[in-house]
Protein chains: 2
Amino acid sequence: MSIKIFLADDHRIMREGLRAMLEKKGGLEVIGEAGDGRTAVRLVKEMRPDIIIMDIGMPELNGIEATRRIIKNCPGVKIIALSIHSDKRLVSEMLKAGASGYVLKEAAFSELIDAIHTVKRGCSYISVEIQDVINKKLSKHPLYSELTDREREVLQLLAEGKSTKQIASCLDVSAKTIDSHRQQIMKKLNMHSVAQLTKYAIREGITSI
Amino acid sequence: MSIKIFLADDHRIMREGLRAMLEKKGGLEVIGEAGDGRTAVRLVKEMRPDIIIMDIGMPELNGIEATRRIIKNCPGVKIIALSIHSDKRLVSEMLKAGASGYVLKEAAFSELIDAIHTVKRGCSYISVEIQDVINKKLSKHPLYSELTDREREVLQLLAEGKSTKQIASCLDVSAKTIDSHRQQIMKKLNMHSVAQLTKYAIREGITSI
DNA sequence: GACTAAATAGGAATAACCCCGAATCTTAGT
DNA sequence: ACTAAGATTCGGGGTTATTCCTATTTAGTC
């Protein structure tokens, strides 16, 4: 029985490269892929892979949020973050969200293979470069303390330039609901413009520049 | 005689993925790689590949500067930029530096293969997505013009979270004038939300995060 | 002088914002 | 199991901001 793997990364060339390398290995099977977080959450729910290799910077729904939801939906599934960032906040948020592994894109492919087998056994795999970062557990101001899941989701779409209507249609709810969410976000953060919200979202890694 | 290819990208997993896919194709040979721009310049001088696939964001020496130096050193070598950015400034800087191709990492691998053969024949290859970006800037009435001083001034205040009224009062003109400026900015940049403008302003260094 | 772009605005339609209330649904605690 | 708190979902209704189209004045260029 081979290990079923799902790829989530917004760069198609990266997905194709990973797939090519993974499929050369025995005992692994890439059963699906997605180019954004929202699609990943949906497809994983259907396909039930063993392991997800998840990029962090993705449109629509970033890798941290996607991880949080997938872990909630599908408790057995293991997630390995594959990121270009060694930023401590992102690492700790990703692990807090439920990821079992964290590998940098500048690492060797063999490290990813190690991570896959380690995580499959139920252990967790953290790159050495990252390990140092983890030890400094600064939970002083937790990154995602203020906003709820839904609010962060709305904020990301807002920071990506979408209008209230577009967000509503994207999330399949009434525009009035999005209205309420945005109001709540602004109230919580004490901000009163899209520009400020956008900068906040960038600082917090909810969206990318 | 196969085409000799050199890979320059700071993410080793990306290099390995590209190598795996390229070597499955016939007529191509990856003869070397580098994880930073400075090393790339040095190795290319020794190895004399036909084509270099060059990432832009690299440590030590970025892809644009590396391209400039390689073209100076080795006039016959062709360079294809493989980047995550479709930013107009980066594209034009890269082409000005001497690159013959520009492909996005979110493109299909087959596009990169097309680019390799196109560039080998002496032609240049620009992704359709990039072409749009360039054409839009060039074809709109404000001919590939950057923003005016006044527009940049307005954009900065906008990206700092100020309202139209606040900006108007700040610059001592009618709010309607600021309206027009913002409209003109959006038209020139082909953006339609404050969020996008804010990100642009950050990228351009007009405001800080 | 003719032409062009920049900076300046007005009017009208559209969208965003902000207050209120309120029905479900989860979750945590006792 | 009950309760309390919070999250999520919407509607009404009014205010404010934005967008779109158009138009004038000013400044610089050829």
Side-chain angles (χ1 to χ4, degrees), chain A residues 38 41 61 65 68-75 96-98 142 144-198 200-201 206, chain B residues 137-201 206:
Chain A
R38 192 178 312 284
V41 174
L61 197 69
E65 283 302 314
R68 210 186 302 276
R69 295 181 189 201
I70 287 171
I71 293 296
K72 194 186 270 179
N73 284 342
C74 324
K96 224 185 289 176
Y144 284 143
S145 59
E146 308 241 36
L147 303 180
T148 66
D149 283 3
R150 198 56 158 174
E151 284 162 357
R152 288 193 298 274
E153 191 172 9
V154 170
L155 176 56
Q156 178 175 358
L157 295 169
L158 196 62
E160 283 173 3
K162 288 188 167 62
S163 70
T164 301
K165 273 189 184 174
Q166 287 175 315
I167 297 171
S169 136
C170 190
L171 299 181
D172 201 31
V173 294
S174 155
K176 272 295 186 184
T177 305
I178 304 304
D179 217 33
S180 299
H181 285 311
R182 192 193 40 240
Q183 266 175 72
Q184 186 68 10
I185 293 166
M186 285 181 163
K187 189 179 168 188
K188 280 187 178 178
L189 301 179
N190 192 30
M191 293 176 181
H192 301 88
S193 70
V194 178
Q196 290 172 309
L197 290 180
T198 304
Y200 174 86
I206 295 171
Chain B
K137 308 293 177 199
L138 295 179
S139 67
K140 293 267 171 161
H141 257 302
L143 282 169
Y144 62 104
S145 62
E146 282 301 321
L147 301 179
T148 65
D149 288 355
R150 193 59 153 178
E151 284 162 358
R152 285 181 171 267
E153 199 171 1
V154 171
L155 176 55
Q156 176 174 353
L157 297 169
L158 196 62
E160 283 171 1
K162 289 189 166 61
S163 71
T164 301
K165 270 190 185 175
Q166 287 175 314
I167 298 171
S169 132
C170 193
L171 300 181
D172 200 32
V173 293
S174 156
K176 278 298 183 184
T177 304
I178 305 303
D179 268 356
S180 299
H181 284 310
R182 190 189 43 237
Q183 220 174 120
Q184 184 68 7
I185 293 166
M186 286 180 164
K187 189 178 168 189
K188 280 187 179 178
L189 302 179
N190 193 31
M191 293 176 180
H192 303 89
S193 70
V194 178
Q196 291 172 309
L197 290 181
T198 304
K199 289 185 178 184
Y200 173 86
I206 294 171

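So that the names make sense, note that chain A is the first sequence line, chain B the second, and so on, each numbered from 1.
The base of D:dG13 sits within donor-acceptor range of the side chain of A:Lys176, with an N or O pair under 3.5 Å. Not a single donor-acceptor pair, N or O on each side, falls under 3.5 Å between the base of D:dC20 and the side chain of B:Asp179. One donor-acceptor pair, N or O on each side, does fall under 3.5 Å between the base of D:dC10 and the side chain of A:Ser180.
Look at NE2 on A:His192: it is 13 Å from P on D:dA17, rounded to the nearest Å. Look at CD on B:Gln184: it is 13 Å from P on D:dC21, rounded to the nearest Å. B:Gln183 has its CD atom 12 Å from the C1' atom of C:dG10, to the nearest Å. Taking atom CD1 of residue B:Ile167 and atom C1' of nucleotide D:dA17, one finds them 12 Å apart after rounding to whole Å. Put simply, CE on A:Met191 is 14 Å from P on C:dC17, counting in whole angstrom units. Following rounding to the nearest Å, B:Lys187 (NZ) and D:dC21 (C1') show an atom-to-atom distance of 11 Å. D:dT18 atom C1' lies 15 Å from atom CD of A:Gln166, rounded to whole Å. The distance between atom NZ of A:Lys165 and atom P of C:dA16, rounded to the nearest whole Å, is 8 Å.
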(request) Would you sort out whether B:Thr177 and B:Leu171 count as a side-chain contact (heavy atoms from CB on, under 4.5 Å), showing the intermediate values? (result) CA-CA 10 Å; B:Thr177 304; B:Leu171 300 181; over 6 Å; no
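Note on B:Arg150: a side-chain N or O is less than 4.0 Å away from OP1 or OP2 of C:dT8. The phosphate of C:dA16 (OP1 or OP2) has no side-chain N or O of A:Arg182 nearer than 4.0 angstrom. The phosphate of D:dT9 (OP1 or OP2) has a side-chain N or O of A:His181 nearer than 4.0 angstrom.
Within a 6.0 Å sphere centred on NZ of B:Lys165, other residues, nucleotides and ligands contribute 12 heavy atoms or fewer.
For B:Ser174, the side-chain atoms get nearest to C:dG10 when compared with the rest of D:dT19, C:dG10, C:dA16. Candidate nucleotides D:dA7, C:dC17, C:dT8 were compared by shortest atom distance to the side chain of A:Thr148, and D:dA7 ranks first. The side chain of A:Thr177 sits closest to D:dC10 out of D:dA17, D:dC10, C:dA6. Among C:dA9, C:dA6, D:dA17, the nucleotide with an atom closest to any side-chain atom of B:Val173 is C:dA9. Minimum atom distance to the side chain of B:Glu151 is reached by C:dA7, of the listed C:dA7, D:dT9, D:dT18.
Minimum interatomic distance between B:Glu151 and B:Ile185 (heavy atoms only, all atoms of both residues): O-CD1, 3.3 Å.
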